[in-house]
Amino acid sequence: MSEDWPQPYRLPDAEPYWSALDEERLAYQRCGSCGEVVWPAHSYCPHCSARSLGWEQSQGRGTVWSYSTITRGPTPVWAAIVPYTVGFVELAEGYQLFTQIEAEPDAIEIGMPVEVRFVRRGEQTLPVFAPATEE
């Protein structure tokens, strides 16, 4: 895989998210005051304004909420993997994550169960989602 992958912009509030990905864990925030899930990462709760945000580990399972298949890559590194699909996955914990969905484009459906797997892209480990296996 190419080392020329564009790297994500790492906001300071989300640093625990990126650190967890390096350990192949998917993390998200929850407010200690009101209990609401907070995503994307913040320094305060957008629901109640409390600053008592903690990090929890996601199970990495959810469903496809929306998606789009890209057939023309914007850069040579992306063009090398077309077609690829990106979209929002609604995680079981109650938040949505924009991510790559690894499946044949014709096989993806809204509501399809998916689970996380981790891939190294350049210097960063990233979450991608694939059809869930039966448990």
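In what follows, residues are counted from 1 in the order of the sequence shown. Heavy-atom basis, side chains included; hydrogens, waters and symmetry copies ignored.
The salt bridge (charged side-chain N to carboxylate O under 4.0 Å, His left out) test applied to E23 returns R25, not counting sequence neighbours. Not counting sequence neighbours, the partners of S58 by the side-chain hydrogen bond (donor to acceptor under 3.5 Å, both in side chains) test are E93. Checked against salt bridge (charged side-chain N to carboxylate O under 4.0 Å, His left out), E56 has the following partners two or more places apart in sequence or in another chain: R30. Every residue two or more places apart in sequence or in another chain that forms a salt bridge (charged side-chain N to carboxylate O under 4.0 Å, His left out) with R117 is listed here: E102. By the side chain to side chain contact (heavy atoms under 4.5 Å, CB included) test, P76 is found to be paired with no residue, residues two or more places apart in sequence or in another chain being considered.
Remark: the E115 side chain and the T133 side chain contain an N/O donor-acceptor pair separated by less than 3.5 Å.
A 4.5 Å side-chain heavy-atom check between R72 and V82 finds every atom pair outside the cut-off. Contact of the D106 side chain with the E104 side chain is not registered, since no non-hydrogen atoms from C-beta on lie closer than 4.5 Å. Within the 4.5 Å cutoff, no side-chain heavy atoms of R61 are placed close to those of P113. Side-chain contact between L126 and W18 is present, with at least one heavy-atom pair separated by less than 4.5 Å. Here the side chains of P40 and F98 are not in contact, with every heavy-atom distance at 4.5 Å or above. Contact of the E36 side chain with the L53 side chain is not registered, since no non-hydrogen atoms from C-beta on lie closer than 4.5 Å.
V116 and Y67 fall within the same hydrophobic cluster, where Ile, Leu, Val, Met, Phe, Trp and Tyr residues are linked whenever their side-chain heavy atoms come under 4.5 Å apart, directly or through other members. Linking ILVMFWY side-chain heavy atoms closer than 4.5 Å, directly or via other members, places L26 and W55 in a single hydrophobic cluster. Linking Ile, Leu, Val, Met, Phe, Trp and Tyr residues whenever their side-chain heavy atoms come within less than 4.5 Å leaves V86 and V119 in two separate clusters.
With rounding to the nearest 0.5 Å, the separation of CD in Q100 from CD1 in I81 is 5.0 Å. From L91, atom CG reaches atom CZ of F129 across 5.0 Å, with rounding to the nearest 0.5 Å.
Through direct or relayed side-chain contacts under 4.5 Å between Ile, Leu, Val, Met, Phe, Trp and Tyr, Y44 connects to no other residue.
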Would you check, one step at a time, whether the test side-chain contact (heavy atoms from CB on, under 4.5 Å) holds for C34 with C45?
CA-CA 9 Å; C34 71; C45 178; 3.7 Å; yes
Might you work through the side-chain contact (heavy atoms from CB on, under 4.5 Å) test for Q124 and D22, ending with a clear yes or no?
CA-CA 7 Å; Q124 181 64 58; D22 287 337; 3.6 Å; yes
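Relative orientation of the Y95 and W39 rings is tilted, given thresholds of 30° and 60° on the angle between their planes. In this pair, F88 and W65 present their aromatic rings perpendicular. The plane angle is above 60°, beyond the 30 to 60° band.
None of I70, V128, V64, I101 except one satisfies the side chain to side chain contact (heavy atoms under 4.5 Å, CB included) rule with T85; the exception is I101.
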